[in-house]
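Note sheet for the following structure.
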Amino acid sequence: MADRLRLGVNIDHVATVRNARGGALPDPVRAAHQAVAAGADGITAHLREDRRHIRDADMARLATELTKPLNFEMAATEEMIALAQRLKPHAACLVPEKREERTTEGGLDVVGQHNMLAPQIVRLREAGCRVSLFIEADEAPIAMAAKLGAPVVELHTGTWCHAVADGHHDKARAEFARLAKGAAFAASLGIEVHAGHGLDFDTARQLAAVPDFAEFNIGHFLMGEAIFVGLDAAIGQMRQAMDEGRAAG
Ligand code: PXP
């Protein structure tokens with residue numbers, strides 16, 4: 001069983017709002033500091049190839065200013081690995097990236113791409129980054145993550161969250177079981193298990209009951225909720241939901 005379940009707050013969509021007008025506000029780094037003050041255990045930011053939200057200057061400021069761990073989400077490209085080697089974030093989470101997608105769709109194909117990923121993981125580890133692989137909660141990618149020496153996997157919760165939101169109860173049950181089984185398998189291999197994508201108060205509360213998860217990374221829902229109740233309250237309520245779920249598990 002993991003110790004206290006950590007909450008990583010993804011601040012990408014503060015930058016999405018900023019970029020809608022092209023100026024400097026709202027500042028995602030200010031949001032990161034405020035999230036930390038409100039109880040976030042870490043900050044996640046995804047520097048996409050097309051820079052649609054977080055930009056290089058944001059990532060550089062996050063890497064130097066933050067008082068809590070920075071999780072740098074990135075595609076396994078030469079450009080991003082070189083940047084991580086320079087910025088040395090606490091963690092580097094490798095995700096698949098397609099230019100035309102609205103958000104990250106599906107987990108990283110670690111089985112098909114292991115030859116390309118192996119040296120990139122070594123480079124990130126040598127730079128002192130805790131490498132995390134964003135993958136589907138299936139046996140083959142989890143076993144490959146272990147083989148590649150990744151200390152962390154982040155299991156993709158998007159399919160489950162969509163099934164819950166759409167009221168597809170049978171699919172939701174099956175997806176939850178897949179996540180729980182994947183988390184237990186990864187933990188049995190000595191890998192730290194994170195989860196992320198599409199989580200809200202209800203799904204975070206439910207998933208927190210699975211003892212093998214050590215960290216959730218949550219962005220879009222929290223930023224949307226912050227519009228109505230403020231960032232501090234949204235993070236406080238998420239913390240409470242996760243604590244309730246863990247206590248019930
Ligand atoms: N974890 C990973 C690896 C992601 O790619 C994302 C989306 O950028 C998240 C967590 C956060 O997902 P959401 O914004 O849906 O909470």
Side-chain angles (χ1 to χ4, degrees), residues 5-17 19 28 31-32 35 40-54 58-59 62 69-76 80 84 89-99 101-110 117 124 129-137 141 145 150 152-165 175 179 182-183 186 192-208 213-227 231 234-235 237-239 241-242:
L5 180 57
R6 296 191 302 271
L7 170 59
V9 173
N10 180 316
I11 46 127
D12 290 350
H13 296 301
V14 179
T16 303
V17 175
N19 298 354
D41 299 295
I43 296 295
T44 294
H46 183 179
L47 186 66
R48 294 186 71 103
E49 186 198 1
D50 63 7
R51 310 303 200 262
R52 72 174 70 155
H53 38 58
I54 293 294
D58 300 323
M59 202 54 100
L62 290 167
L70 171 64
N71 178 29
F72 181 168
E73 252 186 55
M74 65 175 85
M80 291 300 155
H90 167 83
C93 179
L94 296 178
V95 301
E97 209 175 284
K98 292 197 283 288
R99 199 171 260 274
E101 70 192 356
R102 253 190 300 180
T103 181
T104 313
E105 291 166 2
L108 196 60
D109 177 15
V110 286
L117 290 167
L124 290 168
C129 299
R130 203 137 194 269
V131 178
S132 164
L133 303 178
F134 185 54
I135 57 175
E136 295 293 327
V152 179
V153 293
E154 181 163 324
L155 301 185
H156 194 312
T157 52
T159 309
W160 173 56
C161 290
H162 277 134
V164 171
E175 285 297 324
L179 286 164
E192 183 172 299
V193 194
H194 299 179
H197 215 283
L199 292 168
D200 61 13
F201 292 142
D202 289 338
T203 46
R205 185 184 290 104
Q206 279 186 63
L207 201 65
F213 286 107
E215 180 174 309
F216 290 170
N217 287 305
I218 309 179
H220 184 266
F221 172 79
L222 279 177
M223 296 310 150
E225 195 61 17
I227 293 169
L231 191 56
I235 289 172
Q237 287 174 44
M238 183 58 78
R239 182 72 258 168
M242 288 163 55

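Order of appearance sets the numbers: ligands from 1, and atoms from 1 within every ligand.
Salt-bridge formation is not detected for the pair E73/R48: no Lys NZ or Arg NE/NH1/NH2 atom is positioned less than 4.0 Å from an Asp or Glu carboxylate oxygen. A salt bridge does not link R51 to D58: none of the charged side-chain nitrogens sits closer than 4.0 Å to a carboxylate oxygen.
Only the side chain of E154 comes within contact range of ligand 1, with a heavy atom under 4.0 Å; no backbone atom does. The proximity of E73 to ligand 1, defined as any non-hydrogen pair under 4.0 Å, is limited to the side chain.
Taking the ring centroids of H194 and F216, they lie at or beyond the 6.0 Å cut-off.
Short contacts between ligand 1 and G198, defined as distances under 4.0 Å to a heavy atom of the residue, involve ligand atoms 12 (O), 13 (P), 15 (O), 16 (O). Atoms of ligand 1 found under 4.0 Å from any heavy atom of G219 (numbered from 1 in listed order, with element): 13 (P), 14 (O), 16 (O). Atoms of ligand 1 lying under 4.0 Å from any heavy atom of H220, numbered from 1 in the order shown and given with element: 13 (P), 14 (O), 16 (O).
The shortest N or O to N or O distance between V95 and ligand 1 is not under 3.5 Å. Residue-to-ligand polar distances keep I218 apart from ligand 1: every N/O pair is separated by 3.5 Å or more.
Side-chain atoms of H162 and E175 form no donor-acceptor pair, as typed in the model, at a separation below 3.5 Å. Side-chain contact check for T44 and N71: at least one donor-acceptor pair (N or O, by modelled atom type) lies under 3.5 Å.
The residue from V9, T157, D200, N217 that puts a heavy atom closest to atom 11 (C) of ligand 1 is N217.
For the ring pair (Phe, Tyr, Trp, His ring centres under 6.0 Å) with H197, the qualifying choice from H220, H46, H156 is H156, the only one to do so.
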